[in-house]
**Q** 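Quick one: the structure is below, questions incoming.
Below, read A as the first sequence line, B as the second, and so on, with proteins coming before strands; counting in each chain starts at 1. Just the heavy atoms: all of them, side chains too, but no hydrogens, waters or symmetry mates, feed the values below.
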There are 2 protein chains.
Amino acid sequence: MSQAPRTQRADARRNREQLLDKADAAFRRHGVRASLAEIARSCNIAIGTLYRHFPTREALLEALLRDRIESLRNHAERLAGSPEPLEALIEWLREFGQCSSAYQGLPESVVATAGDEESDLHAGVMSMHAAAGALLTQAQRSGAVRPDVSRAEVLALACGAATASQYGTADPDRLLRLVVEGIRTPAGAAGADG
Amino acid sequence: MSQAPRTQRADARRNREQLLDKADAAFRRHGVRASLAEIARSCNIAIGTLYRHFPTREALLEALLRDRIESLRNHAERLAGSPEPLEALIEWLREFGQCSSAYQGLPESVVATAGDEESDLHAGVMSMHAAAGALLTQAQRSGAVRPDVSRAEVLALACGAATASQYGTADPDRLLRLVVEGIRTPAGAAGADG
DNA sequence: TTACTATAGTGAGCAGTCCTCATGTTCCGG
DNA sequence: CCGGAACATGAGGACTGCTCACTATAGTAA
């Protein structure tokens, strides 16, 4: 029973926060394969402590991503019902792209992790996708976006554009706008096809 | 001067071929970080021999890529002057996407390597880009593609679409077609803007 | 065939990484 | 101040990438 301290000890919480902070920086700089020992070192924390907080690299990534994914879902829900569905979709895809390309190798990692239904990320990713799907459907109902593109296709294109923009010198916003041109309803099409 | 054997020894050439063959398979299965020791083992060749032929992982990748890159350049040059410039561009971008996404992590690797002007790949990649640029220009002159998209943007989009199609369930050809929709001249635009 | 040697092959070993766990330390409620 | 649960520690085992001193062989010439 007991009144045992329900909450984390103060030093542990401090360490956890610091680890997340430095891990984010390291993943941004070196991609998802950044050295965990280096992250621990940059916090003046022993490697064992890092593993106590985050038993695996994926756990650390999950912790970093959980907030962002929830934030993306909330953002999508906030944009639902916008009077300008296409602009809303673009705005959301821009943020989605930024998150997707924050760490090199992240999409592969997320797909591998979130595909596992046991994963903590699975549910979050699923509901984020659902919220994004609502945004897309809305833009399609408004007539701005072609009805024959799927949620998976739009997410893949936005993610691909954001990731690819890092390979070279292309501007991510510009690539996203080009992608959006591709999924818009062509000028002069009114619904029925030929 | 001397009559010393100018050419590679027969056993060395055999080993080299076998290494390239198995390395291609390993990179396809596990991405560009596949275990080199495993590749050597699958050839019944000592790890030192692999490193004798290919001093670094990048050298091995370069050897695998050189042919493909030259093939892409030749393909682009063959398609130059096609009576259907847009179809030609699409056909080439499809092959480009397939090559780009053959190994997981390849685009990052190629960009890092080819960006170095000392690299053996640099010149090949540059001339391939030039040939692709000609294809794009041709499609733009024909009026099929918007004049305001750059070569780098088109390559980035094609590469991104091909790569992203592997993250999920999206069909790479379908994504490429959507990308092409985005760079086409909008229906009902005749040059001057508003 | 044999002797010779440049070329090629070998794999133990170093260095770096991931992760574990037995041990030492610290916070916090009483 | 004490007890002990929670926490931190870092040496060490297992693995991987890569090196290099040594061995073996292909190909040449006598």
Side-chain angles (χ1 to χ4, degrees), chain A residues 1-23 25-27 29-64 103-105 108-109 112-113, chain B residues 1-27 29-64 103-106 108-109 112-113:
Chain A
M1 321 274 118
S2 78
Q3 198 61 0
R6 294 248 187 294
T7 96
Q8 209 170 30
R9 244 166 62 175
D11 56 340
R13 187 162 49 245
R14 264 199 313 274
N15 282 339
R16 199 187 130 93
E17 292 304 317
Q18 202 185 352
L19 283 167
L20 286 171
D21 195 53
K22 300 285 189 181
F27 287 152
R29 228 193 317 272
H30 302 115
V32 295
R33 322 261 313 187
S35 162
L36 298 187
E38 184 62 40
I39 291 170
R41 219 171 297 136
S42 74
C43 298
N44 288 323
I45 284 174
I47 185 66
T49 304
L50 185 152
Y51 280 98
R52 160 175 275 274
H53 286 283
F54 308 104
T56 66
R57 179 183 297 272
E58 282 67 39
L60 179 51
L61 268 172
E62 274 181 33
L64 283 167
Y103 312 147
Q104 190 174 82
E108 293 92 330
S109 194
T113 308
Chain B
M1 317 299 116
S2 77
Q3 198 59 3
R6 295 244 188 296
T7 94
Q8 204 168 35
R9 248 165 58 174
D11 55 339
R13 189 160 48 242
R14 265 199 314 274
N15 282 339
R16 199 187 130 90
E17 292 303 319
Q18 202 186 352
L19 283 168
L20 285 171
D21 195 54
K22 300 284 189 180
D24 179 66
F27 287 151
R29 228 193 317 271
H30 303 115
V32 295
R33 320 265 310 187
S35 162
L36 297 187
E38 184 63 41
I39 291 170
R41 219 172 297 137
S42 74
C43 298
N44 289 322
I45 284 174
I47 184 64
T49 303
L50 185 152
Y51 279 97
R52 163 174 275 273
H53 285 282
F54 308 105
T56 65
R57 179 182 299 274
E58 283 67 39
L60 179 50
L61 269 172
E62 274 181 33
L64 283 167
Y103 313 146
Q104 192 174 83
L106 184 58
E108 293 92 331
S109 197
T113 308

**Q** Do the side chains of B:Leu106 and B:Phe27 get nearer than 4.5 Å, heavy atoms only?
**A**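 Result no, sub-4.5 Å side-chain heavy-atom pair not found.
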**Q** Whole Å only: how far is the CG atom of A:Leu61 from the P atom of C:dC18?
**A**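 Answer to the nearest Å: 13 Å.
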**Q** Considering only side-chain heavy atoms of B:Ile45, which listed nucleotide, D:dC18, C:dT10, D:dT9, is closest?
**A** C:dT10
**Q** For B:Ile47 and C:dA8, what is the distance between atoms CD1 and P respectively, to the nearest whole Å?
**A**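 That distance rounds to 18 Å.
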**Q** Which heavy atom in B:Arg16 sits nearest to a heavy atom in B:Ala63, and how many Å separate them?
**A** NH2-CB, 4.2 Å
**Q** Whole Å only: how far is the CZ atom of B:Arg41 from the P atom of C:dG11?
**A** 12 Å
**Q** Give the minimum heavy-atom separation between B:Ala34 and B:Ala26, together with the two atoms involved.
**A** CB-O, 3.7 Å
**Q** From the list C:dC18, C:dT10, C:dA8, which nucleotide is the closest neighbour of the side chain of A:Arg57?
**A**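 Of the options given, the side chain of A:Arg57 lies nearest C:dC18.
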**Q** Can you check whether B:Tyr51 has a side-chain N or O nearer than 4.0 Å to OP1 or OP2 of D:dT19?
**A** no
**Q** How many whole angstroms separate atom NE2 of B:His53 from atom C1' of C:dT7?
**A** 10 Å
**Q** Quick check: closest heavy atoms across A:Leu36 and A:Leu50, and the distance to 0.1 Å?
**A**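 That would be O-CD1, 3.5 Å.
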**Q** Are A:Asn15 and D:dA8 close enough that a side-chain N or O sits under 4.0 Å from OP1 or OP2?
**A** yes
**Q** Assess whether one donor atom and one acceptor atom, taken from the side chain of B:Arg9 and the base of D:dG27, lie less than 3.5 Å apart.
**A**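 When only heavy-atom distances are counted, B:Arg9 does not reach the base of D:dG27 through any donor-acceptor pair under 3.5 Å.
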**Q** Return the value, rounded to whole Å, for the distance between atom CG of A:Leu50 and atom P of C:dT17.
**A**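 From A:Leu50 CG to C:dT17 P: 14 Å.
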**Q** Under 4.0 Å, counting only non-hydrogen atoms across every strand here, what does B:Ser35 touch: a base, just sugar-phosphate, or nothing?
**A** sugar-phosphate
**Q** Establish, with yes or no, whether the OP1 or OP2 oxygen of C:dA8 is under 4.0 angstrom from a side-chain nitrogen or oxygen of B:Thr49.
**A**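 No, outside the criterion.
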**Q** Just how far, in rounded Å, is P of D:dA24 from CZ of B:Arg52?
**A** 16 Å
**Q** On DNA chain D, nearest-nucleotide positions of A:Ala12 versus B:Leu36: which is more 5'?
**A**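 With A:Ala12 and B:Leu36 compared, the 5'-side residue is A:Ala12.
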**Q** Round to the nearest Å and state the distance from B:Asn44 atom CG to C:dG11 atom P.
**A** 11 Å
**Q** Between A:Asp11 and B:Arg14, name the one whose nearest nucleotide on DNA chain D is closer to the 5' end.
**A** A:Asp11
**Q** CZ of A:Arg33 versus P of D:dT16: gap in Å, rounded?
**A**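 Between P of D:dT16 and CZ of A:Arg33: 12 Å.
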**Q** Any Lys/Arg nitrogen of B:Glu17 or B:Arg14 sitting under 4.0 Å from an Asp/Glu carboxylate oxygen of the other?
**A**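 Not counted as a salt bridge, because no side-chain N and carboxylate O are separated by less than 4.0 Å.
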